[in-house]
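First comes the structure, then the notes that go with it.
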2 protein chains.
Amino acid sequence: MKEEVKEILSHPRSQTEEVQALQDTIYVIGGKWKLPIINSICNGNKRFREIERSIPGITTRMLSRELKDMEMNGLIKRTVYDSSPVLVEYESTEYCHSFGDIILQMIKWGKAHRKKIKAGK
Amino acid sequence: MKEEVKEILSHPRSQTEEVQALQDTIYVIGGKWKLPIINSICNGNKRFREIERSIPGITTRMLSRELKDMEMNGLIKRTVYDSSPVLVEYESTEYCHSFGDIILQMIKWGKAHRKKIKAGK
DNA sequence: TTCATTGGTATACTCCGTGATACTGGTTAC
DNA sequence: GTAACCAGTATCACGGAGTATACCAATGAA
């Protein structure tokens with residue numbers, strides 16, 4: 001059988017399409033902070049400092065930047081209540097929830113990994 | 001009800017543990033290339049140039065670096081066949097397969113995202 | 001003979017994601 | 001009066017992830 005044909009047959013799913021999809025996703029949620037922030041907000045954290053405290057290691061600068069970015073991209077909604085002092089709340093959008101499964105799988109992997117390290121080393 | 005108590009009650013799952021797990025995972029598979037490489041190898045690509053061609057945009061340098069890194073971390077196995085010319089093959093390990101669900105979800109998201117962009121703009 | 005392929009390495013460079021630190025203006029608590 | 005909390009912004013600086021390009025020795029094909 002020709003190499004070419006063999007290669008096509010061995011990849012029934014469109015490999016190209018898959019890599020592209022994967023790279024798209026990595027592009028959107030790449031970096032150290034986006035997923036932890038999404039997770040935090042989806043977990044019910046609404047206030048800036050609340051989110052900040054819920055994510056170990058993040059700085060106000062990065063949180064601020066990422067929140068702004070994610071708001072622009074329709075991942076979260078920012079509401080300012082004109083009370084005194086000003087109150088700001090962040091909420092996740094429907095779109096944002098579409099990352100749920102990815103986050104879930106990643107949390108699952110992370111937990112299993114930690115258990116594995118602890119147990120067997 | 002005290003703010004403190006309310007906060008604890010509203011997060012029955014250990015939020016701290018989840019963020020940590022998430023951050024661990026991001027640390028391991030972070031960056032632009034690790035997941036596409038894993039995916040490629042799991043899809044049956046074995047040879048260096050084969051993997052390279054299957055991932056749009058990657059350079060030989062990055063592929064080389066990442067493969068070395070991933071071999072050290074037990075994610076893939078590198079075998080050199082002493083034929084002439086020398087033949088090198090990469091395989092995924094069991095450990096590597098534990099990323100299967102994450103990759104699957106990310107491909108799924110990427111496809112849906114692309115469809116969404118195309119359809120509604 | 002010349003070109004392409006394989007499995008990479010070497011060198012140089014760039015950029016930007018991230019970190020550290022400080023600061024602001026208003027408010028409430030001690 | 002001073003300390004702490006809120007929601008951030010401003011500056012500065014770094015390192016390493018990623019890019020670009022060239023090169024190697026061996027082999028096989030045209």
Side-chain angles (χ1 to χ4, degrees), chain A residues 2-4 6-7 19 22-24 26-38 40-41 45-73 75-91, chain B residues 2-4 6-7 19 22-24 26-38 40-41 45-73 75-91:
Chain A
K2 271 170 73 182
E3 260 310 305
E4 207 183 321
K6 229 159 70 185
E7 198 175 321
V19 189
L22 193 48
Q23 288 183 313
D24 286 352
I26 291 171
Y27 179 77
V28 176
I29 57 174
K32 220 171 156 180
W33 303 115
K34 286 208 182 57
L35 286 182
I37 291 172
I38 291 176
S40 175
I41 295 180
N45 296 309
K46 292 177 184 305
R47 316 287 299 279
F48 189 89
R49 297 293 178 195
E50 201 179 7
I51 299 168
E52 188 182 13
R53 278 191 301 265
S54 77
I55 303 172
I58 200 168
T59 57
T60 61
R61 181 180 197 266
M62 286 312 295
L63 180 56
S64 174
R65 276 173 55 107
E66 299 287 46
L67 283 175
K68 219 175 278 177
D69 194 82
M70 291 162 65
E71 196 199 351
M72 284 202 329
N73 291 317
L75 292 179
I76 55 175
K77 209 184 118 201
R78 179 177 184 269
T79 315
V80 182
Y81 294 98
D82 220 18
S83 56
S84 169
V86 177
L87 188 83
V88 181
E89 278 191 3
Y90 294 93
E91 290 167 84
Chain B
K2 270 170 75 182
E3 260 311 307
E4 207 183 319
K6 231 158 68 185
E7 196 175 321
V19 189
L22 194 48
Q23 288 184 312
D24 286 354
I26 291 171
Y27 179 78
V28 175
I29 57 175
K32 218 170 158 180
W33 303 116
K34 287 208 180 60
L35 285 182
I37 293 172
I38 292 176
S40 174
I41 296 181
N45 297 309
K46 292 175 183 306
R47 316 285 299 280
F48 189 88
R49 297 293 179 195
E50 200 179 8
I51 299 167
E52 189 181 11
R53 277 191 301 266
S54 76
I55 303 172
I58 198 168
T59 58
T60 60
R61 183 179 196 267
M62 286 312 292
L63 180 56
S64 174
R65 276 172 54 107
E66 298 286 44
L67 283 174
K68 217 176 278 177
D69 194 81
M70 291 162 64
E71 195 200 351
M72 284 204 326
N73 291 317
L75 291 179
I76 56 175
K77 210 184 119 200
R78 181 178 183 268
T79 316
V80 182
Y81 294 99
D82 220 16
S83 57
S84 169
V86 176
L87 187 83
V88 180
E89 277 191 6
Y90 293 93
E91 291 167 82

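Numbered from 1 within each chain, the chains take letters A, B, ... in sequence-line order. Note that these values count all heavy atoms, side chains included, but never hydrogens, waters or copies made by symmetry.
Side-chain contact check for A/Lys32 versus A/Ile58: every heavy-atom pair is 4.5 Å or farther apart.
One interatomic measurement links the two molecules: CD1 of A/Ile26 to P of D/dA17, which rounds to 15 Å at whole-angstrom precision. Here C/dG8 presents its P atom at 9 Å from CG of B/Leu63, a figure rounded to the nearest Å. Between B/Leu67 atom CG and C/dG8 atom P there is a gap of 8 Å when expressed in whole angstrom units. For the pair A/Glu89 CD and D/dC6 C1', the interatomic distance rounds to 13 Å; values are reported in whole Å. With rounding to whole Å, A/Lys46 atom NZ is found 15 Å from D/dG8 atom P. To the nearest angstrom, P of C/dG25 lies 18 Å from CZ of A/Phe48. Between B/Tyr27 atom OH and C/dT18 atom P the separation is 14 Å, expressed in whole Å. Between the P atom of C/dC16 and the CG atom of A/Asp69 lies a distance of 14 Å, rounded to the nearest Å.
One distance of note links CG of B/Leu67 with CZ of B/Arg78; it measures 8.5 Å at 0.5 Å rounding.
Candidate nucleotides D/dG8, C/dT18, D/dT19 were compared by shortest atom distance to the side chain of A/Trp33, and C/dT18 ranks first. The side chain of A/Glu66 lies closest to C/dT18, out of C/dG8, C/dT18, D/dG18. Taking every side-chain heavy atom of B/Met62 into account, D/dG18 is the closest of D/dG8, D/dG18, C/dG8. Here the nucleotide nearest the side chain of B/Arg61, chosen from D/dC6, C/dT6, C/dA12, is C/dA12. Among the nucleotides D/dC6, D/dG8, C/dG19, the one closest to the side chain of A/Lys32 is C/dG19. When each of C/dA22, C/dT18, D/dA22 is scored by its nearest atom to the side-chain atoms of A/Thr60, the top-ranked nucleotide is C/dA22. Of the candidate nucleotides C/dG8, D/dC6, D/dG8, D/dG8 has the atom nearest to the side chain of A/Val88.
Residue whose closest nucleotide on DNA chain C sits further toward the 5' end, between A/Thr59 and A/Val86: A/Thr59.
Between the side chain of A/Arg65 and the base of D/dT9, no donor-acceptor pair of N or O atoms lies under 3.5 Å.
Note on A/Tyr81: every side-chain N or O is 4.0 Å or more away from OP1 and OP2 of D/dC6. At C/dG8, none of the side-chain N or O atoms of B/Lys68 fall inside 4.0 Å of OP1 or OP2 (strictly under the cut-off). Contact annotation: A/Ser64 side-chain N/O to D/dG8 OP1/OP2 distance is not under 4.0 Å.
A donor-acceptor pair under 3.5 Å links the side-chain atoms of B/Asn45 to the main chain of B/Ser40, judged by distance alone. Without hydrogens or angle criteria, A/Glu66 side chain to A/Met62 main chain gives no donor-acceptor distance under 3.5 Å. Between the B/Asn73 side chain and the B/Asp69 main chain, a donor and an acceptor come within less than 3.5 Å of each other.
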